[in-house]
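This report concerns only the one structure given below.
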There are 2 protein chains.
Amino acid sequence: MPQLPNVRQEQILAWLRHEQQITIEVLVERLAVSAMTIHRDLDSLAQAGHIEKVRGGAVLSNRGMPGETAHQCVLCAMRVPLRTTFIINTTAGQQIHACCPHCGLMLLEQHTDTDTVLARDFLYGRMVNAGDAFFLVDSEVAVCCTPSVLCFGTEQDAQRFRQGFGGVVLDYHAARTHLSQRHRSVLGNN
Amino acid sequence: MPQLPNVRQEQILAWLRHEQQITIEVLVERLAVSAMTIHRDLDSLAQAGHIEKVRGGAVLSNRGMPGETAHQCVLCAMRVPLRTTFIINTTAGQQIHACCPHCGLMLLEQHTDTDTVLARDFLYGRMVNAGDAFFLVDSEVAVCCTPSVLCFGTEQDAQRFRQGFGGVVLDYHAARTHLSQRHRSVLGNN
DNA sequence: ACAATATATAACAAAATATCACAAAAAGAG
DNA sequence: CTCTTTTTGTGATATTTTGTTATATATTGT
């Protein structure tokens with residue numbers, strides 16, 4: 001089964017996103033091409049900045065700017081900024097990273113087995129329990145995705161921030177329902 | 001199951017983050033490679049500043065928590081948080097790092113050969129020219145040293161933030177004189 | 001302080017992997 | 001179909017990584 005070079009490289013990327021790392025040996029077998037061809041594929045993927053070649057295989061490129069984590073947002077594929085990190089821990093022990101509370105709260109709709117949910121306090125940079133936190137939606141401070149959602153450890157902080165930058169302060173559950181309703185209503189499906 | 005060399009080092013780091021310390025003996029067993037290879041892995045991890053080699057194993061390097069840079073504040077010796085970085089470039093090409101605008105502005109008093117001065121916008125995380133920036137002094141948001149000094153790229157942002165969290169908005173020069181006067185007056189050496 | 005033990009480093013050889021150059025094959029263009 | 005361009009595979013050669021042995025250095029107990 002012949003495969004176009006671009007398609008093959010996309011395939012490699014797809015595998016890589018699932019498996020974190022992949023060896024040339026494995027790729028030779030799966031794609032039924034020579035090691036040299038794999039080398040060339042990996043070279044161009046690395047050139048484009050998608051991956052990093054390491055001896056024996058490749059890993060997803062994780063050269064983050066300072067201020068960014070090594071993780072990609074599962075929802076929007078953006079590299080996760082340190083200051084808006086949002087982490088969902090599942091009961092299965094899996095960690096799901098989102099770039100900001102906007103994506104994080106949306107992601108929660110897709111996961112029923114959440115164990116703990118953490119978000120980073122926008123003012124103080126500490127991780128806080130998202131369930132106890134307050135979220136300022138639609139303020140004029142857009143640091144990541146829109147609609148802007150910022151996380152605060154206390155309602156007071158959120159309210160004070162709102163005085164200057166507008167928006168509406170919601171607790172965890174209110175923020176979740178607000179966001180999912182909003183996304184749905186825009187798309188118009190029911 | 002073969003392990004890519006770089007992945008192996010990542011694995012070591014991951015274990016280290018959970019276990020604080022790890023012995024070479026254990027690593028030899030877990031990774032099924034020779035002690036020499038472990039030594040070499042630890043050497044390069046130490047070179048990169050991620051760990052510290054100790055006799056018989058390694059511990060996590062205390063430098064480089066997520067959210068902190070590798071630098072120490074020249075004034076207060078605190079490790080520099082990423083989100084409040086303040087950098088003074090001298091005409092001699094030297095870089096002086098401060099943990100926050102508070103220390104940075106104070107440091108400026110000691111250096112007459114400043115070339116450029118950069119500070120990080122507290123809202124958006126971008127580095128801005130400190131000379132064009134506005135500083136909110138004495139707000140109730142204390143993320144680093146006190147008196148609290150936060151940097152904003154625009155006067156409007158600073159004012160809006162002030163509405164919620166108090167303090168006084170000053171431009172570059174006003175902030176410098178304000179801070180140095182204040183420190184002097186407290187110490188009483190006229 | 002000394003020997004006994006453990007750990008670290010250095011040097012070398014073997015194995016694994018990467019790169020290069022060129023020829024064969026495939027794909028497109030006219 | 002013929003010519004050109006691109007992609008692929010092969011074998012030779014370079015480079016990197018690894019393990020082993022020997023040697024040096026540090027730690028421990030007496």
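Sequence lines set the chain letters: A, B, ... in the order given, protein chains first and strands last, and positions in each chain run from 1. Because the structure is predicted, anything quoted here is derived from the model rather than measured. The basis for the numbers below is simple: all heavy atoms, side chains too, and nothing from hydrogens, waters or symmetry mates.
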List the atom pairs, donor and acceptor, that lie under 3.5 Å between side-chain atoms in residues 24-32 of chain B and the rest of the protein, sequence neighbours left out.
unit_1	atom_1	unit_2	atom_2	d
B:R30	NH1	B:E19	OE2	3.3
B:R30	NH2	B:E19	OE1	3.3

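Sequence neighbours left out, the pairs with a member in residues 113-144 of chain B that pass ring-ring contact (aromatic ring centres under 6.0 Å, His included) are B:F122-B:F161. Legend: side-chain hydrogen bond (donor to acceptor under 3.5 Å, both in side chains) pairs involving residues 158-169 of chain B, not counting sequence neighbours, sorted by first then second residue: A:E140-B:R160, B:Q159-B:R162. Contacts classified as salt bridge (charged side-chain N to carboxylate O under 4.0 Å, His left out) and involving residues 166-175 of chain B (residues at least two apart or in different chains) are not found.
Atom CG in A:L42 sits about 9 Å away from atom P in C:dA18, given to the nearest Å. Here C:dA18 presents its C1' atom at 15 Å from CG of A:D41, a figure rounded to the nearest Å. The distance from atom CZ of A:R8 to atom C1' of D:dT7 is 8 Å, rounded to the nearest whole Å. As rounded to whole Å, 9 Å separates atom P of D:dT7 from atom CD of A:Q9.
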What are the atom names and distances for every N/O pair under 3.5 Å that joins the protein to nucleotides 3-10 of chain C?
unit_1	atom_1	unit_2	atom_2	d
C:dA6	N3	B:R55	NH2	3.4
C:dT7	O4'	B:R55	NH2	3.2
C:dT7	O3'	B:G56	N	3.2
C:dA8	OP1	B:G56	N	2.5
C:dA8	OP2	B:H39	NE2	3.2
C:dT9	OP2	B:K53	NZ	3.1

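Close to D:dG19, at under 4.0 Å from its OP1 or OP2, lies a side-chain N or O of B:T37. Residue A:R40 places no side-chain N or O under 4.0 Å from the OP1 or OP2 atom of C:dC20.
Each end of the helix from C:dA1-D:dT30 to C:dG30-D:dC1 gets its own axis, taken as the rotation carrying the C1' atoms of four end pairs onto the next four within a five-pair window, and the two axes meet at 40° to the nearest 10 degrees.
Taking A:H178 as the reference, nothing meets the ring-ring contact (aromatic ring centres under 6.0 Å, His included) condition, with sequence neighbours excluded. For A:E109, the side-chain contact (heavy atoms from CB on, under 4.5 Å) criterion is met by A:R176, A:S180, not counting sequence neighbours. Among residues two or more places apart in sequence or in another chain, the side chain to side chain donor-acceptor pair (under 3.5 Å) test is passed with A:S148 by none.
Remark: the backbone N or O of A:H173 is paired with a side-chain donor or acceptor of A:T177 at under 3.5 angstrom.
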